[in-house]
Protein chains: 2
Amino acid sequence: MAKPSKENTPITEHLAYLLAQANREINRQLELRLSKEGVPVEQWRILKVLSDGNGHSMGELAEAVLLNHPTLTKMIDRMVSDTLVYRVQDPNDRRKVLMFISDRGKVLCKKLNSLAVDQEEHILESYGDKSTSELKRLLESLIDSSN
Amino acid sequence: MAKPSKENTPITEHLAYLLAQANREINRQLELRLSKEGVPVEQWRILKVLSDGNGHSMGELAEAVLLNHPTLTKMIDRMVSDTLVYRVQDPNDRRKVLMFISDRGKVLCKKLNSLAVDQEEHILESYGDKSTSELKRLLESLIDSSN
DNA sequence: CTTCAATTCTTGAATATTCAATATTTTCAA
DNA sequence: TTGAAAATATTGAATATTCAAGAATTGAAG
């Protein structure tokens, strides 16, 4: 009898693929909503993180919004031009730059939040309350176990 | 009493964010393994889809490997240079191009499959059998419900 | 102190991706 | 049959991302 092998598993059964597919789909939907305000998903994330009113360093932000460092720098440049956020040099460690959200950024962030909530509610409807919270739980735990 | 609002939910609790985070992490791990053979994840997906030996059109492939059309064309160009795959004009519909995997591609695909299986097994160990299959089930059903 | 390594962020060049336009072939209605 | 619309893939220009190197500051060992 041949040894059971996973090597011919179709790609659609790999966890990595399912995650990529689900992520792509949900992200596309979110993108579509946020495009009403002409804002890419990453900028919404940035605004959301900064909307606690505290200063966040670039490194911290990059980690939080899942962008690598140079990409974040360039995206922040654009957002500074749009006066959504601003830079302040960290007085305690002058290597660091602290990012803050502007008033304009706060206003925009609120609008974006409500668009994002619309989406979450749409998912809750079509996918179900229970599945959603179970999926979230499993994802959190997967992320945990990967560190 | 204020109406309960989800608008201040931290970003880390959004499904879209959890999916992005998990996808990033698992993808990073897979990338790391496949880099032993110097192959990006997308190329492994392409080889895997083509390894059924049938011809697949570019549109079909693009859908299956989660790349948009022009990006796939350019990636296929590279893989043709590396003689991993080859193009054949579809005789039944000459607008289409059918992609096939070469012998060299098959050999490489096998090596890649086993690297990918290593990863899946690593996940099974650290994350657990039950969680993994439950997560896969939920992801499949999310993807379904999004179409 | 001083100097050397580490940390943090930015920059510029190389690469990759995307959008819009194009070329080719097929479909289908008139 | 013909001609217009749809489908398929590629191309080139515009845009975005990444990699490697650089500049500034801090930390820490000698």
Side-chain angles (χ1 to χ4, degrees), chain A residues 20-21 23-25 27-32 34-35 38-46 49-50 54-82 84-100, chain B residues 20-21 23-25 27-32 34-35 38-46 49-50 54-82 84-100:
Chain A
Q21 201 183 355
N23 179 49
R24 187 182 159 89
E25 187 53 42
N27 206 57
R28 199 200 315 265
Q29 287 174 20
L30 182 55
E31 210 165 41
L32 193 65
L34 298 190
S35 71
V39 175
V41 175
E42 290 78 11
Q43 289 197 16
W44 171 58
R45 290 199 196 124
I46 291 169
V49 169
L50 296 185
N54 298 327
H56 293 261
S57 76
M58 293 294 282
E60 217 182 309
L61 249 190
E63 184 68 19
V65 303
L66 314 176
L67 289 178
N68 67 14
H69 224 136
T71 305
L72 177 64
T73 293
K74 285 155 191 172
M75 181 160 283
I76 289 288
D77 286 347
R78 286 186 288 258
M79 295 175 77
V80 169
S81 300
D82 295 342
L84 297 171
V85 300
Y86 56 95
R87 292 178 161 98
V88 175
Q89 187 159 121
D90 185 338
N92 297 121
D93 182 343
R94 281 153 48 214
R95 289 169 303 183
K96 294 187 183 174
V97 171
L98 298 180
M99 297 305 310
F100 289 89
Chain B
Q21 200 182 356
N23 179 50
R24 188 181 158 89
E25 186 54 42
N27 206 57
R28 200 201 314 266
Q29 288 173 19
L30 182 56
E31 210 165 40
L32 194 65
L34 299 190
S35 71
V39 175
V41 175
E42 290 80 10
Q43 290 198 14
W44 171 58
R45 289 199 197 124
I46 292 170
V49 170
L50 296 186
N54 301 325
H56 293 261
S57 75
M58 293 295 282
E60 217 182 309
L61 249 190
E63 184 66 20
V65 304
L66 315 176
L67 288 177
N68 65 15
H69 224 134
T71 305
L72 178 63
T73 292
K74 285 155 192 174
M75 182 159 284
I76 289 287
D77 285 346
R78 286 186 288 260
M79 295 176 78
V80 169
S81 300
D82 295 342
L84 297 172
V85 300
Y86 56 94
R87 292 177 161 99
V88 174
Q89 188 159 123
D90 185 338
N92 297 120
D93 184 341
R94 281 154 49 217
R95 288 170 303 183
K96 293 186 184 175
V97 170
L98 297 180
M99 298 305 312
F100 290 90

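Here is how names work: the chains are called A, B, and so on, in the same order as the sequence lines, proteins then strands, and each is numbered from 1. Below, all heavy atoms of this structure are taken into account, side chains as well, without hydrogens, waters or symmetry copies.
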### Message
My understanding is that only residues two or more places apart in sequence, or in another chain, count here; which of them pass salt bridge (charged side-chain N to carboxylate O under 4.0 Å, His left out) with B/Arg94?
### Response
none
### Option among A/Leu84, A/Val39, A/Val41, A/Leu72 that satisfies the side-chain contact (heavy atoms from CB on, under 4.5 Å) test with A/Ile46
A/Leu72
### Query
Out of D/dT17, D/dT25, C/dT25, which has the shortest distance to the side chain of A/Arg94?
D/dT25
Whole-Å gap separating [atom2] ([N]) and [atom1] ([X]):
X       : N      : atom1 : atom2 : value
A/Ile76 : C/dT10 : CD1   : C1'   : 13 Å
A/Leu67 : D/dT17 : CG    : C1'   : 10 Å
A/Glu63 : C/dC9  : CD    : P     : 12 Å
B/Asn68 : C/dA20 : CG    : C1'   : 13 Å
A/Glu31 : C/dT17 : CD    : C1'   : 13 Å
B/Glu42 : C/dT18 : CD    : P     : 10 Å

### Message
Using a 6.0 Å cut-off, check whether atom CD of B/Glu63 has over 12 heavy atoms from anything other than its own residue.
### Response
no
### Task
Tell me which of A/Gln89 and A/Thr71 sits closer to the 5' end of DNA chain D, going by the nucleotide each one is nearest to.
A/Thr71
### Query
Can you tell me if A/Arg87 uses its side chain to pair, donor with acceptor, with the backbone of A/Val97 under 3.5 Å?
no
### Per-nucleotide protein contact string for nucleotides 4-14 of chain D (B base, S sugar-phosphate only, - none; heavy atom under 4.0 Å)
--BBSSBBBB-
### Message
side chain to side chain contact (heavy atoms under 4.5 Å, CB included) for A/Val85 and A/Val80? Distances and angles first, verdict last.
### Response
CA-CA 5 Å; A/Val85 300; A/Val80 169; 3.9 Å; yes
### Task
Taking the side chain as every heavy atom from C-beta outward, state whether B/Leu61 and B/Ile76 have any atom pair closer than 4.5 Å.
yes
